[in-house]
Amino acid sequence: MPITDWPHEDRPREKLLHKGEQSLTDAELIAICLTSGTHGKSALDIAKELLSEFDGLKKLLRAPANSLIQKPGMGHAKYAVLRAAVELGRRYLNEQLSPGSMLNSSRITQQFIAQYLREYTNEVFACLFMDNHFRLIKFEELFFGTINEANVYPREIVRRGLAHNAAKIILAHNHPSGNPKPSTADKEVTTLIKQALLLVDIDVVDHIIIGNPENFSFAEAGLM
């Protein structure tokens, strides 16, 4: 049955308008981007099939163009709409945390970091450099490693902190496994970095581990 024949309150677009975008499933959001289906299949049917075939939203949105465009019900135009939606989300988060932004919300900070680090299949260690009033100076990805670990050098973090004239730093790295629980090594390197930065009067505010779908904050866990 075409979506236009569904009860008004069950249609994805109308559901979004009346209940908000948070109420929609991944398939319903994708169906809105697709706008229409094919003979015998609604946009929602196609969206569900794509999510199943690509094993979830993340892998679907990261799929190469040629593997999506050729799917029944897709094509170049609908693929372009999906990519535009992803890019709009990325730019929205970037605007929220541009240089000079106040990092006074752990949720927004984690969303900003996650959009960069969650996509990596290897560990990446990054830093958010801030002034004394928690305003963002610079976000930098500093160390790249394997799927299990990245070698982190406190001396380089000190050097970059001084180069940015930072007063405060938020440390961040990803766990490609998806489990954000800190390892013993994560805790030890956090302590080493804090001690190194203390010598140059730079305060480590938090260490955020990006998992999937959850993250871990050392500060929120009382480990700072």
Side-chain angles (χ1 to χ4, degrees), residues 21-22 24-30 32-33 47 50-65 67-68 79 81-99 101 103-130 136-152 157 160 169-187 189-190 193 204-221 223-224:
E21 58 272 22
Q22 297 88 352
L24 272 65
T25 64
D26 292 346
E28 288 171 330
L29 289 169
I30 292 171
I32 289 176
C33 292
L50 289 172
L51 285 168
S52 176
E53 180 176 347
F54 288 93
D55 193 25
L57 183 63
K58 179 180 177 180
K59 291 182 180 179
L60 170 61
L61 295 180
R62 292 179 63 187
S67 67
L68 274 178
Y79 173 79
V81 172
L82 276 179
R83 296 310 310 164
V86 172
E87 182 62 14
L88 280 172
R90 189 189 69 80
R91 294 187 187 188
Y92 170 74
L93 289 174
N94 274 343
E95 279 196 9
Q96 288 184 307
L97 277 183
S98 57
S101 297
L103 296 179
N104 55 4
S105 167
S106 178
R107 181 183 64 83
I108 295 297
T109 303
Q110 289 180 38
Q111 286 180 341
F112 173 80
I113 298 170
Q115 70 168 321
Y116 291 101
L117 302 189
R118 187 167 283 156
E119 298 301 311
Y120 285 111
T121 55
N122 58 297
E123 273 206 12
V124 178
F125 195 98
C127 290
L128 286 145
F129 299 96
M130 302 171 291
L136 179 64
I137 298 173
K138 184 74 173 179
F139 171 78
E140 289 189 352
E141 297 172 355
L142 296 178
F143 310 112
F144 298 81
T146 65
I147 192 170
N148 296 316
E149 63 178 352
N151 292 323
V152 178
I157 295 175
R160 298 306 299 155
I169 286 180
I170 293 176
L171 311 174
H173 77 281
N174 64 317
H175 279 182
S177 67
N179 182 358
K181 183 179 179 180
S183 65
T184 300
D186 291 334
K187 295 175 182 178
V189 77
T190 302
I193 295 170
V204 179
V205 176
D206 198 358
H207 185 171
I208 295 171
I209 300 176
I210 301 300
N212 190 13
E214 303 297 327
N215 307 318
F216 182 91
S217 163
F218 276 61
E220 290 179 353
L223 297 177
M224 295 304 297

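Within the 4.5 Å cutoff, the side chain of F112 has no heavy atoms near those of the I208 side chain. Between F139 and Y116, the closest side-chain pair of non-hydrogen atoms falls below 4.5 Å. In this structure the side chain of N179 never reaches within 4.5 angstrom of the side chain of E214, judged on heavy atoms. Using a 4.5 Å heavy-atom threshold, the side chains of V204 and I170 count as separate. Using a 4.5 Å heavy-atom cutoff, the side chains of L117 and F125 are not in contact. Using a 4.5 Å heavy-atom threshold, the side chains of M130 and I169 count as separate. With a 4.5 Å cut-off on side-chain heavy atoms, L60 and I30 count as touching. No side-chain heavy atom of I210 sits under 4.5 Å from any side-chain heavy atom of P180.
Between atom CG of residue L57 and atom CG of residue D26 there is a gap of 4.5 Å, rounded to the nearest 0.5 Å. Atom CG in L61 sits 10.0 Å away from atom CG in L50 (nearest 0.5 Å).
R118 places no side-chain N or O within donor-acceptor distance of the main-chain N or O of K58, the cut-off being under 3.5 Å. Between the side chain of E87 and the main chain of A84, no donor-acceptor pair closer than 3.5 Å is present. Between the side chain of S67 and the main chain of A63, no donor-acceptor pair closer than 3.5 Å is present.
Evaluation of the side chain to side chain donor-acceptor pair (under 3.5 Å) rule for E141 yields Y120 as partners, not counting sequence neighbours. In this structure, the side-chain contact (heavy atoms from CB on, under 4.5 Å) partners of D186, at least two apart in sequence or on a different chain, are H173, H175, P182, S183, I209, F218. Applying the side-chain contact (heavy atoms from CB on, under 4.5 Å) test to A219 and every residue at least two apart in sequence or in another chain returns D206, S217, M224. Checked against side-chain contact (heavy atoms from CB on, under 4.5 Å), A65 has the following partners two or more places apart in sequence or in another chain: I69, Y79. Applying the salt bridge (Lys or Arg N to Asp or Glu O under 4.0 Å) criterion to E53, with sequence neighbours excluded, gives K71. Scored by the side chain to side chain donor-acceptor pair (under 3.5 Å) test, Q22 finds no partners at all (sequence neighbours excluded). For N174, the side chain to side chain donor-acceptor pair (under 3.5 Å) test picks out no residue, with sequence neighbours left out. For R62, the salt bridge (Lys or Arg N to Asp or Glu O under 4.0 Å) partners two or more places apart in sequence, or in a different chain, are E119. Qualifying salt bridge (Lys or Arg N to Asp or Glu O under 4.0 Å) partners for K59, counting only residues two or more places apart in sequence or in other chains: D55. Partners of R160 according to the side-chain contact (heavy atoms from CB on, under 4.5 Å) rule, which considers only residues two or more places apart in sequence or in another chain, are F129, E140, L142, E156, A163, H164.
Between the side chains of E220 and S106, at least one donor N or O sits under 3.5 Å from an acceptor N or O.
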Chi angles and distances behind the side-chain contact (heavy atoms from CB on, under 4.5 Å) call for I157, F143:
CA-CA 10 Å; I157 295 175; F143 310 112; 3.8 Å; yes
Working note: N122 + T146, criterion side-chain contact (heavy atoms from CB on, under 4.5 Å); need CA distance, chi angles, decisive distance, verdict.
CA-CA 5 Å; N122 58 297; T146 65; 5.7 Å; no
Walk me through whether V86 and L82 qualify under side-chain contact (heavy atoms from CB on, under 4.5 Å).
CA-CA 6 Å; V86 172; L82 276 179; 5.8 Å; no
Set out, in order, the CA-CA distance, both residues' side-chain angles and the distance that settles side-chain contact (heavy atoms from CB on, under 4.5 Å) for I108 and Q111, then state yes or no.
CA-CA 5 Å; I108 295 297; Q111 286 180 341; 3.6 Å; yes
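Among all heavy-atom pairs drawn from A85 and C33, the shortest one is CB-SG, 4.2 Å.
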